[in-house]
Every structure is written in C-alpha cells, then in structure tokens.
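Counting starts at 1 for both ligands and their atoms, in listed order. Values below: every heavy atom of this structure, side chains too, minus hydrogens, waters and symmetry copies. Each residue takes its place number in the sequence, starting with 1.
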Amino acid sequence: MSLYLGLDFGTSGARSLVLDRSGTIHFQANYPFTNCSSVAEWQTALMSLIEQIPQPLRSQICAIAIDGTSSTVLLCNSDGQPVAEPILYNDARAIVVLDQVRAIVPPNHTVLSATSSFAKLIWSSQQPDFSSVRYFLHQADWLAFLLHGQLGISDYHNSLKLGYDVERLCYPDWIEALPFRDLLPRVVAPGTPIAEIDSTIADQVGLPRNCIVCAGTTDSIAAFLASGVKTPGEAVTSLGSTLVLKLVSQTRVEDSRYGIYSHRLGDLWLVGGASNTGGAVLRHFFSDAELADLSQQIPVHQESPLNYYPLLRPGDRFPVNDPHLLPWLEPRPDDRGAFLHGLLESIARIEAEGYRLLQSSGANELKRVYTAGGGAVNQPWSVIRERHLKVPVRRSRQTEAAYGTAQLAMPSSNLIPKLTA
Ligand SMILES: Nc1ncnc2c1ncn2[C@@H]1O[C@H](COP(=O)(O)OP(=O)(O)O)[C@@H](O)[C@H]1O
Ligand SMILES: O=C(CO)[C@H](O)[C@H](O)COP(=O)(O)O
C-alpha cells in the first residue's frame with residue numbers, strides 16, 4: 001500500500017501524519033518544541049517524527065512533503081549549514097530597512113512589511129556574515145533539503161513573501177536586478193516531486209530509498225488544504241499560536257497597509273492575512289486544560305465588556321500592519337474566567353475585522369468559516385466568533401495541517417491544480 005507522510009512545522013511544535021490514497025490516517029505524532037527558533041531542534045524533530053512511525057508503515061511511505069511557518073528564513077553556506085540564527089515569521093527586525101524596501105518594490109506590494117522574507121533578505125544583506133551566504137531559504141525548504149540533499153529549491157507559497165510573482169510564475173525584474181539574486185531559491189509548485197530521499201538518510205531513518213521528497217507549503221495553507229474547502233466565499237481561520245485568515249476568492253487582493261496578501265490556489269486566490277494575536281497569548285496565561293475547562297463556563301451569548309488587543313509583545317501584521325502596535329490587556333479582572341472571556345471575545349473581534357477588511361478590499365463575500373489549529377476544539381469560542389462573524393462557523397473536517405501536507409505529497413492530488421503562467 002502506498003503511504004504519504006506530511007510533516008507540519010508550526011510555532012509550538014512539529015507534527016507528522018501518515019495517509020493512504022483514500023485519506024485514511026494510519027499514524028500521527030506530535031513533537032512539542034522547547035525553542036521554536038532552534039534549527040538543531042527542527043532537525044531533531046524531523047528525524048524523530050520519522051523514526052516514531054512504526055517500521056511496517058515507514059517502509060510503505062512513497063512520498064513526503066513538509067510545511068513550515070511562512071517567512072521564517074535561514075541564511076545558509078554552500079553546504080546548506082545556517083550561518084546565523086533563523087529569522088522567525090513574526091520577527092520585525094527588518095523595520096530598519098523598510099524605507100529601502102519601499103524604494104525597491106511596487107507601491108502597496110505584499111513584501112512591504114517588516115516581517116516579509118524580502119525585508120529580511122535586505123536586512124540580512126547588510127550584516128557582517130552575509131559574505132558567507134550562498135542560499136536564502138525558508139524553513140520548509142531547508143527541512144526538505146535535509147532529506148533530499150538539493151539546495152536552493154522552494155515553492156510559490158513560501159516564496160510569496162519573498163516577492164515571487166505567483167501570477168507570472170517568475171521573479172519580478174526588481175528582484176532579478178538585485179546584486180545577490182543568485183542566493184534565492186528556484187521556485188516550483190507546492191507538492192512538486194523534487195528528488196528521492198538521500199540514500200544515507202533513508203537508511204538512517206528506515207525509509208525506502210525510492211521515497212520521493214516533494215516541495216512543501218506554509219503551515220496555514222496546509223491547514224487550509226486539510227479543511228477540504230474549495231468554494232469562493234468559504235474561509236478557513238487557523239487558530240494556532242497565531243490567527244491566520246484565508247478567504248477563497250475569485251479576485252486577488254493585495255494591500256500592505258493592512259497586511260493583506262493573496263496566495264494562489266489554481267485559478268482561485270486565498271485572500272488573507274496573519275495576525276500575531278492568537279493561541280500563543282492564551283498559552284501565556286492558561287494551560288490547554290484550563291482553556292478547555294474555563295471556556296465551558298463562559299456565558300457565550302453575552303458579549304464581554306473587556307476590549308483587548310491581545311499580543312505578547314509590540315507589533316502586529318494584520319489587520320493592523322504596524323510593528324509598533326502595543327499589546328492591550330487591561331483591565332485585568334480577578335476572575336480568570338472573565339479574563340479568558342475577554343481574550344476570546346477580543347480575538348474574535350480582530351478575526352471579524354480581518355474578514356470585514358478582506359471583503360471591503362474586493363474579496364468574495366464571506367459565507368462560512370471553518371476552523372483549524374489548536375483552537376478549533378473550543379466550541380464556546382466558535383459560538384463567540386459566530387456572533388461577530390455573522391456566518392456559520394464550523395470545525396474543519398481535518399484540523400491538522402499535517403493532513404493537508406500529506407495530501408500535497410500524493411501524486412496528482414489536484415490540490416494545487418496545474419497552473420498556466
Ligand atoms: N481549548 C483551547 N481553546 C483555545 N485555544 C487552544 C485550546 N487548546 C489549545 N489551544 C491553543 O492552540 C495553540 C496551538 O495550536 P497549534 O495549531 O498547535 O499552533 P501552532 O501550529 O501555531 O504552534 C496554543 O497556542 C494553545 O493556546
Ligand atoms: O503566522 C504564521 C505562523 O503560523 C505564518 O505567518 C502563517 O503561515 C501565515 O502565513 P501564510 O499565510 O503565508 O501561510
């Protein structure tokens with residue numbers, strides 16, 4: 001039996017999921033991170049998750065795909081070794097070069113954000129260790145390289161925030177003109193077979209030597225793919241460590257003022273944005289068990305009077321694209337249930353404002369929202385969110401991003417319809 005392995009690298013951990021062609025799950029596992037910015041931990045998680053798959057299943061895995069957090073980037077030397085710490089998706093250090101970015105790219109372009117991969121590239125080009133850099137890669141690209149040994153290959157989901165033109169399927173002239181353009185990866189469609197796994201790695205982790213490693217995607221697009229949503233007007237909200245919105249639209253929308261961008265899905269667009277609010281703020285104050293317990297006691301049909309902007313540190317990407325935006329978590333009630341109600345209600349308000357912006361910017365009218373990620377289990381939160389969204393809110397058929405990534409590894413999965421440039 002042919003089996004397909006999806007590996008999802010998020011913020012709080014990595015997950016594996018093994019599927020067959022009928023969509024039946026044969027195995028899944030989780031690897032919680034102690035430090036989500038440690039490439040050594042990423043590498044350990046990758047090999048550990050593969051080795052946790054029972055050998056009878058492992059020997060039937062014929063293809064693998066990996067998703068990672070979008071615009072998490074690494075600078076690597078000619079051997080593929082990182083020459084510096086990775087720059088995570090929500091790291092806004094590149095704010096200091098935003099004026100230089102603005103002078104290079106078209107007005108309002110997706111990469112006009114302190115957290116875009118392109119801004120991080122410009123920032124990195126001005127650092128002392130840049131002379132030793134040979135490859136500029138995304139997290140998913142580098143993890144796939146560890147398996148197939150091919151450096152400098154990415155997918156057009158991870159490369160959107162690098163400035164790759166996903167309509168013309170090429171780098172724009174303003175990137176081709178860069179003096180360090182040769183550091184950038186060759187870009188292929190997500191799910192494209194890249195190469196058989198390196199034979200030494202295959203033997204080391206017990207995978208078949210003819211196992212194919214495919215191009216990947218981003219974590220929130222993997223969650224979208226897992227949901228099975230395809231219809232314009234339907235949307236997927238990823239309630240993970242962050243809050244990520246994706247609305248299926250027939251029109252592309254791009255507006256860097258609000259952090260709105262569009263990923264390509266065949267001839268449709270995933271119009272959306274990614275906020276730094278979300279589960280990471282909840283986890284700072286509550287354990288998962290407390291979240292489950294206290295959420296059940298919330299009077300969900302009453303709107304909390306507490307109006308927060310829940311962030312762990314200054315800066316948001318969407319629907320407010322402002323690296324200086326301050327967290328707002330006052331007043332703090334003594335009652336922990338009331339505090340949680342205020343947090344869930346406030347994140348629901350931000351989600352609703354996000355979808356309102358997407359629609360007013362030209363995306364299809366919102367009809368229904370499916371929920372993915374760790375927060376998808378929270379039914380009381382779904383009721384609160386539905387009150388603000390004013391459309392049905394349902395849990396995705398599959399809430400694990402790794403499910404979508406495993407589907408991406410299936411040949412002719414038609415998840416990413418073949419594009420014509
Ligand atoms: N019952 C719950 N209600 C709301 N959020 C939850 C619940 N259980 C877990 N979470 C949140 O889910 C998040 C982890 O979700 P996950 O999809 O694994 O995130 P990521 O992939 O971004 O690391 C945590 O930040 C946690 O706060
Ligand atoms: O917030 C994030 C981490 O989970 C990523 O930015 C998320 O992947 C959103 O980016 P994209 O829409 O490109 O997938």
Would you kindly specify which portion of His157 sits under 4.0 Å from ligand 2, judged on non-hydrogen atoms: side chain, backbone, both or neither?
neither
Look at ligand 1 and say whether Asp288 reaches it with a heavy atom at a distance under 4.0 Å.
yes
From atom 6 (C) of ligand 1, work out which of Val281, Leu344, Leu291, Thr399 has a heavy atom at the shortest distance.
Leu291
Which residue and atom name correspond to the protein heavy atom nearest atom 1 (N) of ligand 1, and how close is it?
Val377 CG2, 3.5 Å
Evaluate Arg317 for polar contact with ligand 2, using N/O atom pairs at a separation under 3.5 Å.
yes
Go through ligand 2 atom by atom and flag the ones less than 4.0 Å from a non-hydrogen atom of Lys246.
11 (P), 12 (O), 14 (O)
Got the closest protein heavy atom to atom 3 (N) of ligand 1, with its distance?
Asn378 ND2, 3.0 Å
Specify side chain, backbone, both or neither for Phe286, according to which of its non-hydrogen atoms lie closer than 4.0 Å to ligand 1.
neither
Protein heavy atom at shortest distance from atom 3 (C) of ligand 2:
Asp219 OD2, 3.5 Å
Can you see whether Ser256 engages Asn108 through a side-chain donor-acceptor pair at a distance of less than 3.5 angstrom?
yes
Quick check against the 3.5 Å criterion: does Gln127 have a side-chain atom that pairs as donor or acceptor with the backbone of Trp123?
yes
Donor-acceptor check, side chain of Trp328 to backbone of Glu330, threshold 3.5 angstrom: yes or no?
yes
Compute the minimum heavy-atom distance from Ala280 to ligand 1 and say whether it is under 4.0 Å.
yes
Among all protein heavy atoms, pick out the one at the shortest distance from atom 17 (O) of ligand 1; state its residue, atom name and that distance to 0.1 Å.
Gly374 N, 2.9 Å
Relative to the heavy atoms of His263, which atoms of ligand 2 are at a distance of less than 4.0 Å?
11 (P), 12 (O), 13 (O)
Shortest protein heavy-atom distance from atom 27 (O) of ligand 1, along with the residue and atom involved
Gly279 O, 2.9 Å
Looking only at protein heavy atoms, which one is nearest to atom 21 (O) of ligand 1, and what is the separation?
Arg15 NH1, 3.0 Å
Between Tyr89 and ligand 2, does any nitrogen or oxygen pair lie at a separation below 3.5 Å?
no
Quick test of your reading of the structure: of Ser295, Ser241, Ser382, whose heavy atom lies closest to atom 19 (O) of ligand 1?
Ser241
For atom 5 (N) of ligand 1, which protein heavy atom lies nearest, and how many Å away is it?
Gly375 CA, 3.6 Å
Would Thr69 count as being in polar contact with ligand 2, using the rule that some N or O on each side must be under 3.5 angstrom apart?
no
For ligand 2, which part of Ser70 has a heavy atom less than 4.0 Å away: the side chain, the backbone, both, or neither?
both
